[in-house]
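Bear in mind the structure is a predicted one, so any value in this text is a computation, not a measurement. Quick note on labels: first sequence line is chain A, next is B, and so on, each numbered from 1.
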Amino acid sequence: MARPIRETPILFGEDARRFLARMQERHPESPEVRARRLRNYELCKKAYEEGMREKRAREEANGGFDPCFRRVETNSLK
Amino acid sequence: MLQKSGDKFFKIVRLSCIESVKKFDCGDKDLNDFILNQSAAFQKFKIAVNYACVDVDDASKVYAYCSLAYDKVAMSDFKDKTEFNRFRKKQGFPNEKRLKSYPAVKLCRLGVDVSCRKKQIGTTFIDYVKSMFALDNKAGCRFLTVDAYLDAVPFYVKNEFQFMNAEDDDPHTRLMYYDLMDLEE
(Lines give C-alpha, C1' and ligand atoms only; values in the text may rest on other atoms or scores of the structure.)
Protein backbone atom coordinates (compact mmCIF):
# COMPACT_ATOMS: atom_id res chain seq x y z
CA MET A 1 0.00 0.00 0.00
CA ALA A 2 1.21 3.52 -0.80
CA ARG A 3 3.03 5.35 1.96
CA PRO A 4 0.88 8.07 3.59
CA ILE A 5 1.66 11.66 2.65
CA ARG A 6 3.38 13.43 5.53
CA GLU A 7 1.41 16.35 6.88
CA THR A 8 3.00 19.76 6.63
CA PRO A 9 4.41 20.25 10.12
CA ILE A 10 4.05 23.24 12.41
CA LEU A 11 7.32 25.11 12.19
CA PHE A 12 9.06 26.25 15.32
CA GLY A 13 12.38 27.56 16.54
CA GLU A 14 15.02 28.14 13.90
CA ASP A 15 12.86 26.66 11.10
CA ALA A 16 10.07 29.18 11.80
CA ARG A 17 12.54 32.04 12.04
CA ARG A 18 14.18 31.09 8.75
CA PHE A 19 10.80 30.65 7.08
CA LEU A 20 9.49 34.04 8.22
CA ALA A 21 12.74 35.75 7.27
CA ARG A 22 12.56 34.29 3.75
CA MET A 23 8.97 35.47 3.42
CA GLN A 24 10.22 39.02 3.93
CA GLU A 25 12.78 38.77 1.17
CA ARG A 26 12.10 39.11 -2.55
CA HIS A 27 13.11 36.25 -4.81
CA PRO A 28 11.67 37.18 -8.19
CA GLU A 29 11.86 34.83 -11.14
CA SER A 30 14.28 35.59 -13.94
CA PRO A 31 12.61 36.96 -17.11
CA GLU A 32 13.38 33.66 -18.89
CA VAL A 33 11.75 31.53 -16.20
CA ARG A 34 8.75 33.84 -16.06
CA ALA A 35 8.28 33.66 -19.82
CA ARG A 36 8.52 29.86 -19.76
CA ARG A 37 6.09 29.57 -16.85
CA LEU A 38 3.49 31.79 -18.47
CA ARG A 39 3.88 29.94 -21.77
CA ASN A 40 3.36 26.61 -19.99
CA TYR A 41 0.37 28.04 -18.12
CA GLU A 42 -1.36 29.09 -21.35
CA LEU A 43 -0.52 25.74 -22.94
CA CYS A 44 -1.95 23.80 -19.98
CA LYS A 45 -5.02 26.02 -19.69
CA LYS A 46 -5.92 25.22 -23.28
CA ALA A 47 -5.00 21.56 -22.77
CA TYR A 48 -7.40 21.44 -19.80
CA GLU A 49 -10.26 23.16 -21.63
CA GLU A 50 -9.94 20.83 -24.61
CA GLY A 51 -9.36 17.77 -22.44
CA MET A 52 -12.48 18.41 -20.37
CA ARG A 53 -14.63 19.24 -23.41
CA GLU A 54 -13.70 15.92 -24.98
CA LYS A 55 -14.11 14.08 -21.68
CA ARG A 56 -17.66 15.40 -21.24
CA ALA A 57 -18.47 14.35 -24.82
CA ARG A 58 -17.20 10.80 -24.12
CA GLU A 59 -19.26 10.67 -20.92
CA GLU A 60 -22.37 11.81 -22.73
CA ALA A 61 -21.89 9.19 -25.42
CA ASN A 62 -21.34 6.40 -22.87
CA GLY A 63 -24.07 6.86 -20.30
CA GLY A 64 -22.15 9.17 -18.00
CA PHE A 65 -18.90 7.25 -17.85
CA ASP A 66 -15.67 7.99 -19.68
CA PRO A 67 -14.43 4.67 -21.14
CA CYS A 68 -10.86 5.96 -21.29
CA PHE A 69 -10.68 5.34 -17.55
CA ARG A 70 -11.32 2.42 -15.22
CA ARG A 71 -14.48 2.45 -13.10
CA VAL A 72 -13.74 2.09 -9.39
CA GLU A 73 -15.95 1.70 -6.36
CA THR A 74 -14.57 3.30 -3.23
CA ASN A 75 -16.29 3.07 0.10
CA SER A 76 -13.50 4.11 2.42
CA LEU A 77 -10.14 5.81 2.65
CA LYS A 78 -7.36 3.32 3.27
CA MET B 1 9.54 20.69 -26.19
CA LEU B 2 5.93 19.58 -25.73
CA GLN B 3 4.93 19.64 -29.34
CA LYS B 4 3.90 16.77 -31.57
CA SER B 5 3.86 17.66 -35.25
CA GLY B 6 3.00 21.23 -34.43
CA ASP B 7 0.11 20.17 -32.19
CA LYS B 8 -0.09 19.91 -28.44
CA PHE B 9 1.47 16.84 -26.92
CA PHE B 10 -1.13 16.28 -24.21
CA LYS B 11 -4.47 17.28 -22.82
CA ILE B 12 -5.40 17.59 -19.16
CA VAL B 13 -8.46 16.11 -17.50
CA ARG B 14 -9.81 16.19 -13.99
CA LEU B 15 -10.86 12.70 -12.93
CA SER B 16 -14.14 11.98 -11.23
CA CYS B 17 -14.39 10.06 -7.97
CA ILE B 18 -15.39 6.85 -9.77
CA GLU B 19 -12.49 6.93 -12.21
CA SER B 20 -8.99 5.62 -12.06
CA VAL B 21 -6.37 5.41 -14.79
CA LYS B 22 -6.11 2.05 -16.56
CA LYS B 23 -2.34 1.94 -16.81
CA PHE B 24 0.44 4.03 -15.34
CA ASP B 25 4.06 3.44 -14.42
CA CYS B 26 6.20 6.22 -13.03
CA GLY B 27 8.88 3.74 -11.93
CA ASP B 28 7.93 3.93 -8.24
CA LYS B 29 5.81 1.08 -6.88
CA ASP B 30 4.46 3.14 -4.02
CA LEU B 31 3.36 6.03 -6.20
CA ASN B 32 1.92 3.69 -8.85
CA ASP B 33 -0.15 1.99 -6.16
CA PHE B 34 -1.58 5.29 -4.97
CA ILE B 35 -2.43 6.48 -8.49
CA LEU B 36 -3.90 3.19 -9.68
CA ASN B 37 -5.69 2.05 -6.53
CA GLN B 38 -6.17 4.78 -3.93
CA SER B 39 -6.47 8.19 -5.54
CA ALA B 40 -10.18 7.85 -6.40
CA ALA B 41 -11.04 7.47 -2.71
CA PHE B 42 -9.19 10.69 -1.89
CA GLN B 43 -11.28 12.41 -4.54
CA LYS B 44 -14.54 10.82 -3.32
CA PHE B 45 -14.01 12.02 0.25
CA LYS B 46 -12.93 15.47 -0.99
CA ILE B 47 -9.41 15.14 0.37
CA ALA B 48 -7.77 15.71 -3.02
CA VAL B 49 -8.51 16.44 -6.66
CA ASN B 50 -6.84 14.31 -9.30
CA TYR B 51 -5.61 15.52 -12.68
CA ALA B 52 -4.14 13.49 -15.53
CA CYS B 53 -2.12 14.64 -18.53
CA VAL B 54 -3.28 12.34 -21.31
CA ASP B 55 -2.28 11.72 -24.90
CA VAL B 56 -3.83 14.15 -27.30
CA ASP B 57 -5.28 11.33 -29.44
CA ASP B 58 -5.89 8.63 -26.82
CA ALA B 59 -7.01 9.79 -23.37
CA SER B 60 -6.51 6.33 -21.88
CA LYS B 61 -2.77 6.86 -22.30
CA VAL B 62 -1.65 8.80 -19.22
CA TYR B 63 1.64 10.71 -19.27
CA ALA B 64 1.49 12.41 -15.89
CA TYR B 65 -0.72 12.38 -12.83
CA CYS B 66 -1.18 14.89 -10.05
CA SER B 67 -3.26 15.11 -6.87
CA LEU B 68 -3.83 18.47 -5.19
CA ALA B 69 -5.25 19.35 -1.79
CA TYR B 70 -5.47 22.47 0.33
CA ASP B 71 -2.91 22.75 3.09
CA LYS B 72 -1.50 25.31 5.48
CA VAL B 73 1.89 26.31 6.73
CA ALA B 74 1.74 27.01 10.45
CA MET B 75 4.27 28.30 12.91
CA SER B 76 4.34 27.73 16.60
CA ASP B 77 5.64 30.38 18.93
CA PHE B 78 9.35 30.57 19.29
CA LYS B 79 10.92 29.35 22.48
CA ASP B 80 8.54 31.77 24.16
CA LYS B 81 5.92 34.18 22.89
CA THR B 82 7.91 37.28 23.79
CA GLU B 83 10.79 36.21 21.62
CA PHE B 84 8.50 35.50 18.67
CA ASN B 85 6.69 38.85 18.96
CA ARG B 86 9.94 40.73 19.31
CA PHE B 87 11.15 39.16 16.09
CA ARG B 88 7.94 39.95 14.23
CA LYS B 89 7.97 43.56 15.41
CA LYS B 90 11.59 43.91 14.47
CA GLN B 91 10.87 42.57 10.97
CA GLY B 92 8.04 45.09 10.62
CA PHE B 93 5.13 42.75 9.99
CA PRO B 94 2.01 44.81 9.31
CA ASN B 95 -0.76 44.14 11.82
CA GLU B 96 -2.98 42.34 9.33
CA LYS B 97 -0.16 39.97 8.53
CA ARG B 98 0.36 38.83 12.09
CA LEU B 99 -0.85 35.36 11.38
CA LYS B 100 0.48 32.11 12.60
CA SER B 101 -0.61 30.15 9.61
CA TYR B 102 -0.72 30.73 5.88
CA PRO B 103 -2.91 29.05 3.25
CA ALA B 104 -1.23 26.64 0.88
CA VAL B 105 -1.89 23.96 -1.70
CA LYS B 106 -0.23 20.59 -1.38
CA LEU B 107 1.06 18.61 -4.32
CA CYS B 108 -0.01 15.34 -2.75
CA ARG B 109 1.35 13.23 -5.58
CA LEU B 110 2.98 14.05 -8.88
CA GLY B 111 4.19 11.31 -11.16
CA VAL B 112 5.37 11.16 -14.77
CA ASP B 113 5.05 7.95 -16.75
CA VAL B 114 8.39 6.37 -17.70
CA SER B 115 7.42 6.65 -21.38
CA CYS B 116 7.32 10.43 -21.04
CA ARG B 117 10.50 11.20 -19.11
CA LYS B 118 12.89 13.94 -20.20
CA LYS B 119 10.11 15.87 -21.92
CA GLN B 120 9.74 18.41 -19.11
CA ILE B 121 6.14 17.46 -18.50
CA GLY B 122 6.71 17.66 -14.71
CA THR B 123 8.09 21.19 -14.92
CA THR B 124 5.30 22.17 -17.29
CA PHE B 125 2.72 20.91 -14.82
CA ILE B 126 4.44 22.65 -11.88
CA ASP B 127 4.43 25.90 -13.89
CA TYR B 128 0.70 25.38 -14.48
CA VAL B 129 -0.07 24.81 -10.81
CA LYS B 130 2.04 27.78 -9.70
CA SER B 131 0.28 30.10 -12.15
CA MET B 132 -3.15 28.63 -11.44
CA PHE B 133 -2.90 29.46 -7.73
CA ALA B 134 -1.25 32.82 -8.30
CA LEU B 135 -3.32 34.18 -11.19
CA ASP B 136 -6.56 32.23 -11.30
CA ASN B 137 -7.08 31.34 -7.64
CA LYS B 138 -10.56 31.24 -6.16
CA ALA B 139 -9.22 31.46 -2.61
CA GLY B 140 -6.10 32.83 -0.99
CA CYS B 141 -3.04 30.67 -1.34
CA ARG B 142 0.50 31.72 -0.45
CA PHE B 143 2.51 28.51 -0.76
CA LEU B 144 2.77 25.26 -2.65
CA THR B 145 3.89 22.43 -0.40
CA VAL B 146 5.14 18.98 -1.24
CA ASP B 147 6.37 15.92 0.58
CA ALA B 148 8.99 15.07 -2.04
CA TYR B 149 10.42 11.60 -2.54
CA LEU B 150 14.18 11.73 -2.05
CA ASP B 151 14.94 11.01 -5.70
CA ALA B 152 12.54 13.79 -6.75
CA VAL B 153 14.21 16.41 -4.54
CA PRO B 154 16.55 17.66 -7.35
CA PHE B 155 13.48 18.20 -9.55
CA TYR B 156 11.80 20.39 -6.92
CA VAL B 157 15.04 22.26 -6.19
CA LYS B 158 15.32 22.98 -9.94
CA ASN B 159 11.78 24.35 -9.74
CA GLU B 160 12.80 26.68 -6.89
CA PHE B 161 11.21 24.83 -3.99
CA GLN B 162 12.80 25.36 -0.55
CA PHE B 163 13.32 22.93 2.29
CA MET B 164 10.88 23.41 5.12
CA ASN B 165 13.06 22.01 7.89
CA ALA B 166 16.79 22.48 8.20
CA GLU B 167 17.08 19.02 9.69
CA ASP B 168 14.71 16.53 8.16
CA ASP B 169 15.90 12.98 8.58
CA ASP B 170 12.92 11.13 7.18
CA PRO B 171 14.31 8.15 5.27
CA HIS B 172 11.88 8.51 2.34
CA THR B 173 10.82 12.13 1.76
CA ARG B 174 11.66 15.81 2.31
CA LEU B 175 9.10 18.50 3.09
CA MET B 176 9.46 21.42 0.70
CA TYR B 177 7.58 24.58 -0.24
CA TYR B 178 7.37 27.27 -2.89
CA ASP B 179 6.39 30.85 -2.04
CA LEU B 180 3.93 32.12 -4.65
CA MET B 181 4.99 35.68 -3.81
CA ASP B 182 8.13 34.85 -5.80
CA LEU B 183 5.94 35.13 -8.91
CA GLU B 184 5.29 38.82 -8.26
CA GLU B 185 7.18 41.16 -10.56
Problem - Side chain B:K130, main chain A:Y41, donor-acceptor under 3.5 Å - result: no
Exercise for the section: Counting only heavy atoms closer than 4.5 Å, note whether A:E7 contacts chain B via side chain, backbone, both or neither. Expected result: backbone
Completion exercise
Turns out that what part of B:C17 lies under 4.5 Å from chain A's heavy atoms comes down to backbone
Exercise for the section: Check whether any side-chain N or O of A:R34 sits under 3.5 Å from a backbone N or O of B:E184 as a donor-acceptor pair, and report yes or no. Expected result: no
Handout entry: N/O donor-acceptor pair under 3.5 Å between A:R6 side chain and B:T173 backbone
Key = yes
Problem - Minimum side-chain heavy-atom gap B:M75-A:I10 below 4.5 Å - result: no
Exercise for the section: Give a yes-or-no answer on whether the side chains of A:T8 and B:K106 include a donor-acceptor pair shorter than 3.5 Å. Expected result: yes
Handout entry: Candidate pair B:V21 and A:F69, rule side chain to side chain contact (heavy atoms under 4.5 Å, CB included), full reasoning
Key = CA-CA 5 Å; B:V21 300; A:F69 297 95; 4.1 Å; yes
Handout entry: chain A contact via B:Y177 - side chain, backbone, both or neither, heavy atoms under 4.5 Å
Key = side chain
Problem - Proximal component of B:D179, with respect to chain A [non-hydrogen, under 4.5 Å] - result: side chain
Exercise for the section: Give, as side chain, backbone, both or neither, the part of B:L36 having an atom under 4.5 angstrom from any heavy atom of chain A. Expected result: both
Completion exercise
Interatomic distance, CZ@B:R14 vs NZ@A:K55, rounded to 0.5 Å, equals 10.0 Å
Exercise for the section: With a 4.5 angstrom heavy-atom cut-off, could you sort out which part of B:D30 is near chain A: side chain, backbone, both or neither? Expected result: both
Problem - Lys/Arg-Asp/Glu bridge criterion (N-O < 4.0 Å) met for B:E19, A:R70 - result: no
Exercise for the section: Find the distance between CG (A:D66) and OG (B:S60) and round it off to the nearest 0.5 Å. Expected result: 9.0 Å
Exercise for the section: Please flag which part of B:Q43 lies under 4.5 Å from any non-hydrogen atom of chain A: side chain, backbone, both or neither. Expected result: neither
Practice task
Considering only NZ, NE, NH1 and NH2 on the basic side and carboxylate oxygens on the acidic side, decide whether A:R22 and B:D182 come within less than 4.0 Å.
Solution key: yes
Fill in the blank from the handout: Only one of A:K45, A:R37, A:E42 passes side chain to side chain donor-acceptor pair (under 3.5 Å) with B:S131, and that residue is A:R37
